[in-house]
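A short worksheet on the structure shown next.
Chain identifiers are assigned alphabetically (A, B, ...) following the order of the sequence lines, protein sequences preceding nucleic acid strands; residue numbering begins at 1 within each chain.
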Amino acid sequence: MPTYTLPDGKKLSFDEPKSGLEVAAAIGTGLAKAAIGWKVNGELHDLSWKAPEDADIQIVTFPRPGQQASPDALYLMRHSAAHVMAEAIQDVVGKDVLLAYGPPTETGFFYDMYVPAGKSISTDHFNAISGRMAEIIKENRPITRYEQGSEEGLRRLRAEGNKYKVDNAERALGLPSSVYRSSKPAPAAERQATQSLSFYATGTPGKNWEDLCRGPHVPSTGRIGAARVMSVASSFWHGDENSDRLTRVYGTAFPTQEELDKYLAQLEEAKKRDHRVIGRALRLFHIDEDVGQGLILWTPRGSIVRKELQTFIGAELRKQGYTEVFTPHIGRLELYKTSGHFPYYKDSQFAPIVERDDLDKACAEGCSCAELMHRVEGVSERFRSVMNDRTKAETITQDRVVPDDKLISGFLLKPMNCPHHAKIFASSPHSYRDMPVRLAEFGTVYRWEQSGELNGMTRVRGFTQDDAHLFCTDDQLPAEMQGCLDLVKIIFSTLGMKDYRVRVGLRAPDSSKYTGTKESWDKAEAACIAAAESLGVPFSKEPGEAAFYGPKIDFVVKDVIGREWQLGTVQVDYNMAIRFDLSYIGPDNKPHRPVVIHRAPFGSMERFCGVLIEHFAGAFPTWLSPEQVRVLPISEKSADYARKVERVLLDAGVRVSIDESPDRIQSKVKAAADDKVPYMLIVGPRDAEQNAVSVRARGIEKDLGAMPLEQFVSGVREEVSTRRATLDVKP
RNA sequence: GCCACCUUAGCUCAGCGGUAGAGCGAUGCUUUCGUAAAGCAUAGGUCCAGGGUUCAAAUCCCUGAGGUGGCUCCA
């Protein structure tokens, strides 16, 4: 005799387990009509599923016109839309397309499928697929669930010859995969093992299209609303690059065509905010294929934005007791063998710059490519024993040892600044009295990112970190972490960035890949969590996301099309001090290992500016604007006064320009508005007479009226010096 | 790197086998004007590069480069 509790606390009792539809009908016919699924104890189920026991329930409904669809309703619709799309693709492209995995996502859904050699799914198919989907939706076929015993079901799937579905079934049943072979272990099933397999027919089982699926789904295809194929991409089975390559087709669905159209229009709008579009329009940066992929050329206007940010953070660093250093863009290979970066991360580094004489000598010996690499990546016996002694482990294996006269030496374009900073720390003795040592540098690093991964300013091959390394004692760690987070907080609040999430990367529970002792890790993780808590914003603890050398705190923001980018980061490192044999003298007059914090509150200047351009849609606050004020003379007759106004502003340290084109004032206003200049000063004979300026802020607000020039100058200076995020100078 | 798509004037794009087009921008002239585009004129192209098919290629095919969206990766 189950009792179901509704969200408002009302209780409904029945003689026997009831389905969602029956419960909805008991509440009201309107609700039963609108119902597309139900939530039982927080878990989403088919409407036809009967809840066996007492439970908290909630009916999920198709939204009424004008009503916002709930996330649960969208989830159900989109999950079902994925099935409909898969059926449509098999109709349009061929039945030999093998389905693998098709879940809903935040903005829609996708289906991963194996497309046989010789065939492909391209954008040319999209209209046909979307059209077929519309037909299936219009047919309003019931979506029917049925179960088969595990053996029977598996037999059936094997007979169908789709190893991906066999693999899904085996994972659902908690069996080891008989088909998935890879270097990586298959990810564990997200849910508990089931006893039988569930299938969903889009229509009548045995007659219509069917798919192995755990559900849940909407009761019929007519409940999907409007759906559309969005894009096609390649993916890997189980996300494993050594595994099969699959084709991933993305789609999205909404309750109505209007909402779908609105979503598509939003995407178009978002594209206009894209930092690559604005960056070109406002001449902020340039990427030139002759210079190289992923290498940013900062143009004069963009350089101003970056310089202002650097000046801003520089002032904060001085307040916090940092000292600034400069280090070169390259370092000896041996330096990076010491830090462990080379050759461990060689796949994401630019190839080393090797000594010509060593290379010539090896070539003269007729050295093979493999041997050449071995000699570049190898170390001397002495190096090996020193390193292994420091790390107290077989960090460097015997097979990497190369005789001294065969070693090829060279340099590496630096992928990290830390080895250089470690060497600065090591260059003089340190007492516990002068700890912590905080070395800061806008250090430019180079990493070889895969070409498909490059993206405007947000993913590049050369970038400048607002880097610093804090060498501190164990006891100082919590306070230093706190200081690092304060910096990030100051940056985000000054720039009015509120939409970010904080990720605390911790150890995986069962892993031996980490360096450092358990005690020091516990302490560092506690410090990270305490520091994150002090931020006053929600954060997620993510086990397994720590670096191998220590836990970390990352700040992640979304770009205009919803992609996440990591900006600021604070990382604890127990490894570096050991590898570089760093020490300070403690009160006991004995050497101690410092802890190192790597931190970059902006992350990289490139990525941060890219995100910032989108954040402001190019309309920077005055202090960051490349051009802060533009003087617009009404006509040439007012040019002399305009130049006088410009002179006064220039002398006040304001970035000002003057528009002396023969255009009409309307045209000049539009040009300045398009360039997102914070303040326009319209000056004509009237203003000249009174030594005044007529102010207009960024074209957003209309004519603000006239004010004395001196008053405007002091207003702008005040706004800039306090780094105000809004335009506040008004008559 | 993988899959799909894209690459035509400075920018945004049309043309898709038969001699290269538009809007904006630029330049010049006229206008001297009070708050989101004055008028007229002119210049501007190896149609991403290389190869092939064809009487004929921006257009069709192949290879390469660069870009976009995903996948994978991110010390």
Problem set entry | Atom P, compared across C73(B) and U53(B): separation rounded to whole Å | 45 Å
Exercise. Between atom CG of D687(A) and atom CD1 of I634(A), what is the distance when rounded to the nearest 0.5 Å?
Worked result: 7.5 Å
For this session: Taking T299(A) for its side chain and F285(A) for its backbone only, find out whether a donor-acceptor pair lies under 3.5 Å.
Result: yes
Exercise. Mind checking the P distance from G10(B) to C60(B)? Whole angstroms is fine.
Worked result: 23 Å
Exercise. Should R563(A) be listed as having a side-chain N or O under 4.0 Å from OP1 or OP2 of G69(B)?
Worked result: yes
Problem set entry | Of S120(A) and I287(A), the one whose closest RNA chain B nucleotide lies more 5' | S120(A)
Exercise. With sugar-phosphate meaning primed atoms plus P, OP1 and OP2, does Q349(A) contact a base, only sugar-phosphate, or nothing at under 4.0 Å between heavy atoms?
Worked result: base
Exercise. What integer distance in Å separates M457(A):CE from U68(B):P?
Worked result: 13 Å
Problem set entry | Rounded P spacing from U27(B) to C33(B) in Å | 23 Å
Exercise. For Q566(A) and G292(A), take the nucleotide of RNA chain B holding the closest heavy atom to each; which residue's nucleotide lies nearer the 5' end?
Worked result: G292(A)
Problem set entry | Under-3.5 Å donor-acceptor pair between R280(A) side chain and C11(B) base | no
For this session: Report which part of the nucleic acid Y250(A) touches: base, sugar-phosphate, or nothing (heavy-atom distance under 4.0 Å, all strands).
Result: sugar-phosphate
Exercise. What is the minimum heavy-atom distance between M576(A) and C418(A), and which atoms define it?
Worked result: SD-CB, 3.4 Å
Exercise. Which pair of non-hydrogen atoms, one from R78(A) and one from T105(A), has the smallest distance, and what is that distance?
Worked result: NH1-O, 4.2 Å
For this session: Tell me whether the OP1 or OP2 atom of G1(B) has a side-chain N or O from S451(A) closer than 4.0 Å.
Result: yes
Problem set entry | Inter-nucleotide P distance (A65(B), G25(B)), Å rounded | 38 Å
For this session: Could you check Y514(A) against F548(A) for ring-ring contact (aromatic ring centres under 6.0 Å, His included), going step by step and ending with a plain yes or no?
Result: CA-CA 5 Å; Y514(A) 304 106; F548(A) 73 90; 8.5 Å; no
Exercise. Does T123(A) have a side-chain nitrogen or oxygen under 4.0 Å from the phosphate oxygens OP1 or OP2 of A4(B)?
Worked result: no
Exercise. Quick one: is R245(A) getting a side-chain N or O under 4.0 Å of the C71(B) phosphate, OP1 or OP2?
Worked result: no
Problem set entry | Sugar-phosphate only, base, or nothing, as touched by I121(A) at under 4.0 Å among non-hydrogen atoms | sugar-phosphate
Problem set entry | Minimum-distance nucleotide (side-chain atoms of S122(A) versus C5(B), G67(B), G1(B)) | C5(B)
For this session: Check the pair F342(A), Y336(A) against ring-ring contact (aromatic ring centres under 6.0 Å, His included), reporting the backbone distance first and the verdict last.
Result: CA-CA 5 Å; F342(A) 185 83; Y336(A) 295 96; 8.3 Å; no
Exercise. What nucleotide, of C2(B), G1(B), C73(B), holds the atom closest to the side chain of E449(A)?
Worked result: C73(B)
Problem set entry | Which atom of I287(A) lies closest to which atom of G294(A), heavy atoms considered | CG2-N, 4.4 Å
Exercise. So what is the 5' to 3' dot-bracket string for RNA chain B, if pairs are Watson-Crick or G-U wobble with both distances under 3.5 Å, crossing pairs use [ ] and | means the partner sits on another strand?
Worked result: ((((((((.[[[[.)..(..]]]].(((((.......))))).....[[[[[..)....]]]]])))))))....
Problem set entry | Closest heavy-atom pair and its distance - G618(A), K676(A) | O-CB, 3.7 Å
Problem set entry | Atom-to-atom span, CZ of F463(A) to P of C74(B) - whole angstrom | 14 Å
For this session: Figure out the NZ/P separation between K119(A) and C3(B), and round it to whole Å.
Result: 18 Å
For this session: Using the six-membered ring wherever Trp is involved, compare the ring planes of Y574(A) and W521(A) and label them parallel, tilted or perpendicular (cut-offs 30° and 60°).
Result: tilted
Exercise. How far, in whole Å, is A14(B) from A9(B) if one measures between their P atoms?
Worked result: 12 Å
Problem set entry | Under-3.5 Å donor-acceptor pair between S234(A) side chain and G70(B) base | yes
All N/O pairs under 3.5 Å across the protein-nucleotides 32-36 of chain B interface:
from, atom 1, to, atom 2, distance (Å)
U32(B), O3', K637(A), NZ, 3.4
U32(B), O2', K637(A), NZ, 3.2
U32(B), O2, E636(A), N, 2.8
U32(B), O4, E636(A), OE2, 2.9
C33(B), OP2, K637(A), NZ, 3.1
C33(B), N4, P662(A), O, 3.0
G34(B), O6, P685(A), N, 3.1
G34(B), O6, R686(A), N, 2.6
G34(B), N1, D687(A), OD2, 2.8
G34(B), N2, D687(A), OD2, 2.8
G34(B), N2, S694(A), OG, 2.6
U35(B), O3', R696(A), NH1, 3.4
U35(B), O2', R696(A), NH1, 2.5
U35(B), N3, D703(A), OD1, 3.4
U35(B), O4, S694(A), OG, 3.4
U35(B), O4, D703(A), OD1, 3.2
U35(B), O4, D703(A), OD2, 3.4
A36(B), OP2, R696(A), NH1, 3.1
A36(B), OP2, R696(A), NH2, 3.2
A36(B), N7, R696(A), NH2, 2.9
A36(B), N7, G699(A), O, 3.0
A36(B), N6, G699(A), O, 2.8

Exercise. Is it the case that R248(A) places NZ or CZ above or below the six-membered ring of F110(A), under 6.0 angstrom from the centre and within 45 degrees of the axis?
Worked result: yes
Seminar exercise, completed: Rounded to whole Å, CG of N575(A) lies from C1' of A75(B) at a distance of 11 Å
Problem set entry | Length of the CG-P vector between L454(A) and G70(B), whole Å | 14 Å
For this session: Calculate the interatomic distance between I278(A) atom CD1 and C11(B) atom P; express it in whole Å.
Result: 17 Å
For this session: Considering only atom C1', compute the distance from A49(B) to U8(B) and round it to an integer number of Å.
Result: 14 Å
For this session: Scan R459(A), R461(A), Q293(A) and name whichever one has a side chain to side chain donor-acceptor pair (under 3.5 Å) with E449(A).
Result: R459(A)
Exercise. Just to confirm, is there a sub-4.0 Å distance from OP1 or OP2 of G69(B) to any side-chain nitrogen or oxygen of N455(A)?
Worked result: yes
Problem set entry | Aromatic plane relationship, H238(A) with Y180(A) - under 30° parallel, 30 to 60° tilted, over 60° perpendicular | perpendicular
Problem set entry | Sugar-phosphate, base or nothing in reach of S348(A), heavy atoms under 4.0 Å | base
Problem set entry | Whole angstrom value for the distance that separates P of C74(B) from CZ of R459(A) | 9 Å
Exercise. Which nucleotide, A75(B), G1(B), G70(B), lies nearest any side-chain atom of A233(A)?
Worked result: G70(B)
Exercise. With rounding to whole Å, what would you report as the distance between C16(B) and U7(B) at their P atoms?
Worked result: 14 Å
Exercise. Base, sugar-phosphate, or nothing for I561(A), non-hydrogen atoms under 4.0 angstrom?
Worked result: sugar-phosphate
For this session: Please state whether the base of C11(B) and the side chain of R283(A) form at least one donor-acceptor pair under 3.5 Å?
Result: no
Exercise. If you measure from the C1' atom in A20(B) to the same atom in A58(B), how many Å do you get, rounded?
Worked result: 8 Å
Exercise. So what does Y344(A) touch, heavy atoms closer than 4.0 Å: a base, only the sugar-phosphate, or nothing?
Worked result: nothing
